There are 2 protein chains.
Amino acid sequence: MRLEKFKTALIQHAIKPSLNQTLSFVAAQIKKAALDGAKLIALQELHNTPYFCQSENPDFFDLEDFDSSIDFYSTLAKEYEVVLVTSLFEKRSPGLYHNTAVVFEKDGSIAGKYRKMHIPDDPNFYEKFYFTPGDLGFEPICTSLGRLGILICWDQWYPEAARIMTLKGAEILIYPTAIGWFRGDSQDEKVRQKEAWIAIQRAHAIANGIPVLSINRVGFEPDTSGVSDGILFWGGSFGFGAQGELLAQASSENEEILMLEIDLKRSEEVRRIWPFLRDRRIDSYSDILKRYCL
Amino acid sequence: MRLEKFKTALIQHAIKPSLNQTLSFVAAQIKKAALDGAKLIALQELHNTPYFCQSENPDFFDLEDFDSSIDFYSTLAKEYEVVLVTSLFEKRSPGLYHNTAVVFEKDGSIAGKYRKMHIPDDPNFYEKFYFTPGDLGFEPICTSLGRLGILICWDQWYPEAARIMTLKGAEILIYPTAIGWFRGDSQDEKVRQKEAWIAIQRAHAIANGIPVLSINRVGFEPDTSGVSDGILFWGGSFGFGAQGELLAQASSENEEILMLEIDLKRSEEVRRIWPFLRDRRIDSYSDILKRYCL
């Protein structure tokens with residue numbers, strides 16, 4: 001029988017000077033979280049590498065070896081018997097790359113993968129250069145701990161993605177993320193941005209009656225092109241329960257293993273008092289498939 | 001030329017002992033708000049009557065005369081030269097009723113109406129007995145102050161409704177609402193409910209890059225059937241701007257005219273830094289038209 005309640009760890013960290021140092025650090029965090037009782041461990045977006053999308057540089061396609069990363073995390077998942085959510089730079093074919101979450105079962109096998117569907121392209125976030133938009137759709141990944149609706153960063157701004165994952169049976173939404181501030185932004189703007197980032201994901205929990213976990217980078221990373229001042233990733237990884245109640249939240253400044261408990265039964269409790277899924281006007285939603293209606 | 005910035009008033013009030021007293025009170029609030037400079041005034045859900053849906057009683061279909069209400073508010077809109085958002089009990093035909101928002105232009109003409117699309121039915125909120133689900137779809141109402149996306153109460157839990165209004169050109173989302181607490185709920189539950197109610201609507205502002213206004217009842221109303229302990233409406237009417245920034249919020253206990261300023265230019269500013277509409281995966285959203293996918 002599967003667990004209804006289990007400990008979950010969100011690993012929020014800064015990038016290290018080399019790939020090996022980063023991998024060693026992340027492995028140590030996974031070990032620590034597992035020894036602390038975590039059954040589900042989720043990592044931040046593109047956790048192996050610097051957030052290279054701050055500029056467009058063809059050399060950066062070599063930053064990560066996808067197959068090696070899979071071997072590395074498969075071994076860790078098996079060793080610590082945890083379901084592990086990773087976020088990797090997938091080389092699918094020369095010239096065809098994805099921003100891909102690979103989920104490992106506790107026996108080290110690949111439970112499934114999700115290719116980021118919504119790709120941003122804004123100053124310092126030039127992801128359309130690096131990543132082909134996902135072609136696997138919004139499919140929850142079945143694991144021994146339940147069906148995980150993995151979505152990645154920019155996806156978090158799209159209620160459609162959260163909703164479809166839910167309609168396909170997702171029991172938890174998990175967002176590996178890389179978001180931060182620019183030095184030039186005012187303090188007010190920084191507050192607005194971070195609050196908006198929290199509110200929209202909290203709303204996915206509420207609208208869908210399922211828990212939402214978000215795992216963000218922390219710390220400053222320079223723009224290696226020298227064009228901009230870089231990004232100060234704002235951390236703040238969090239979990240919200242099925243009614244939008246805060247489960248736990250990490251700081252803005254520190255590396256953290258954020259531990260929280262997921263209770264899969266909570267969704268049904270919440271959906272019985274707030275049966276939003278019952279009353280959807282599916283006869284009237286077809287315009288949502290349009291780019292714009294004017 | 002239309003106004004880009006204008007004062008808006010949200011009128012949060014308790015119900016009075018008689019229809020005439022309520023109408024007089026609301027008229028006085030509208031006058032006060034208009035004299036204070038409001039160009040747009042929005043009222044709470046079913047503001048003329050007690051929240052009669054606490055029980056199922058066929059006599060309650062007589063509580064409001066839709067045509068008289070229209071005459072009444074048309075006169076006020078014209079007298080004070082305001083765009084006025086009302087929320088009325090529409091008798092469309094014997095045995096066919098809607099929960100309908102009627103929007104008046106500042107010359108007193110009807111700018112348009114919206115019939116509540118998502119109808120709840122939960123203890124103390126037996127709306128499916130009273131209201132046929134709306135058949136006008138999610139159509140913004142064109143006014144001299146912009147295109148108003150009117151949605152009503154239960155609609156606020158559905159990101160689909162907010163999104164479709166946006167795709168059809170809405171520039172402001174406005175939610176007349178009637179929501180409150182049950183005496184039996186714990187303090188924690190009350191906090192969770194109210195926070196969720198705020199967060200989900202705030203997220204509609206963020207996801208769509210438009211301001212969101214919500215106008216709620218305040219004060220206790222008994223359940224006239226005597227079956228339950230009634231509802232304590234939690235007030236808390238609010239406005240959020242296009243980035244989800246708080247514009248103003250009313251108290252939980254008091255009648256209030258909540259004044260705030262709408263800046264229609266803000267949407268484009270926000271959407272340029274957060275161009276969510278650009279990247280929607282409309283090729284991959286068709287499952288949203290299903291009740292459930294499993």
Side-chain angles (χ1 to χ4, degrees), chain A residues 117-122 133-135 137-138 154 157-164 166-169 188-189 191-193 195-207 240-241 243-246 273-294, chain B residues 117-122 133-135 137-138 154 157-164 166-169 188-189 191-193 195-207 240-241 243-246 273-294:
Chain A
M117 290 287 284
H118 299 95
I119 307 293
D121 198 278
D122 306 296
D135 58 351
F138 304 101
W154 196 236
W157 303 100
Y158 294 85
E160 293 92 340
R163 179 68 97 200
I164 293 170
T166 303
L167 296 178
K168 292 189 167 220
D188 282 354
E189 175 66 16
V191 169
R192 280 195 296 272
Q193 290 186 5
E195 286 194 0
W197 173 75
I198 295 168
I200 191 122
Q201 294 177 86
R202 187 179 192 182
H204 300 328
I206 297 161
F240 284 103
Q243 200 177 11
E245 70 277 22
L246 185 64
I273 64 159
W274 283 349
F276 306 141
L277 294 183
R278 181 191 65 191
D279 294 329
R280 295 177 66 242
R281 291 296 304 271
I282 54 173
D283 59 309
S284 302
Y285 292 163
S286 59
D287 283 326
I288 220 162
L289 304 183
K290 295 183 182 164
R291 178 67 61 211
Y292 202 64
C293 302
L294 299 184
Chain B
M117 290 286 283
H118 298 94
I119 307 293
D121 198 279
D122 306 297
D135 58 349
F138 304 101
W154 197 236
W157 303 100
Y158 294 84
E160 293 92 339
R163 179 68 96 201
I164 294 171
T166 303
L167 296 178
K168 291 188 169 221
D188 283 355
E189 175 65 18
V191 169
R192 280 195 297 272
Q193 290 186 5
E195 286 192 2
W197 173 75
I198 295 167
I200 191 121
Q201 294 177 84
R202 187 178 191 181
H204 301 327
I206 297 161
F240 284 104
Q243 200 177 11
E245 70 277 23
L246 185 65
I273 64 158
W274 282 351
F276 306 141
L277 294 183
R278 180 190 66 191
D279 294 329
R280 295 177 66 241
R281 290 295 303 273
I282 54 173
D283 59 311
S284 302
Y285 292 163
S286 59
D287 283 325
I288 220 163
L289 304 184
K290 295 183 182 162
R291 178 67 60 212
Y292 202 63
C293 302
L294 300 184

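Computed from a predicted model, the values in this text were never measured in an experiment. So you know, we letter chains A, B, ... as the sequences are listed, proteins then strands, and number each from 1.
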Phe276(B) and Trp157(A) aromatic ring geometry - parallel, tilted or perpendicular at 30°/60° bounds: parallel

Do you know which of [options] has the most heavy-atom pairs under 4.5 Å to chain A?
| options | value |
| --- | --- |
| Pro275(B), Gly137(B), Pro133(B) | Pro275(B) |
| Glu160(B), Lys168(B), Arg192(B) | Glu160(B) |
| Gly241(B), Gly244(B), Ala207(B) | Ala207(B) |

Contact leader toward chain B among Arg278(A), His204(A), Lys290(A), where contacts are heavy-atom pairs under 4.5 Å: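 Answer, by heavy-atom pair count under 4.5 Å with chain B: Arg278(A).
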
Among Ala203(A), Ala161(A), Ala205(A), Ala162(A), residue most engaged with chain B (heavy-atom pairs, under 4.5 Å): Ala203(A)

Evaluation steps, side-chain contact (heavy atoms from CB on, under 4.5 Å), between Asp287(B) and Leu167(A): CA-CA 8 Å; Asp287(B) 283 325; Leu167(A) 296 178; 5.5 Å; no

Donor-acceptor contact below 3.5 Å, side chain Arg291(B) vs main chain Arg280(A): yes

Test item: Arg202(A) side-chain N/O and Ile200(B) main-chain N/O as donor-acceptor pair under 3.5 Å: no

So for [X], is it side chain, backbone, both, or neither that comes closer than 4.5 Å to the heavy atoms of chain B?
| X | result |
| --- | --- |
| Trp197(A) | neither |
| Ile198(A) | neither |
| Phe138(A) | side chain |
| Gln201(A) | neither |

Residues which pass salt bridge (Lys or Arg N to Asp or Glu O under 4.0 Å) with Asp283(B), listed by chain and number, not counting sequence neighbours: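 Result, salt bridge (Lys or Arg N to Asp or Glu O under 4.0 Å) vs Asp283(B): Arg281(B).
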
For [X], which atoms come within 4.5 Å of any heavy atom of chain A: side chain, backbone, both, or neither?
| X | result |
| --- | --- |
| Arg163(B) | side chain |
| Asp121(B) | both |
| Leu246(B) | neither |

Ile288(A) CD1 to Ile164(B) CD1 distance, which is reported to the nearest 0.5 Å: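 So the CD1 of Ile288(A) and the CD1 of Ile164(B) are separated by 4.5 Å.
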
Separation of Glu245(A) CD from Glu189(B) CD (nearest 0.5 Å): 9.0 Å

Chi angles and distances behind the side-chain contact (heavy atoms from CB on, under 4.5 Å) call for Tyr285(B), Tyr285(A): CA-CA 11 Å; Tyr285(B) 292 163; Tyr285(A) 292 163; over 6 Å; no

Distance-only donor-acceptor check, side chains Glu195(A) and Gln243(B), under 3.5 Å: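 Note: Glu195(A) and Gln243(B) side chains miss the donor-acceptor criterion.
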
Side-chain heavy-atom pair Asp122(A), Trp274(B) within 4.5 angstrom cut-off: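 Heavy-atom side-chain distance check fails, nothing below 4.5 Å.
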
Minimum heavy-atom distance Ile206(B)-Ala199(A), with the two atoms named: CD1-CB, 3.7 Å

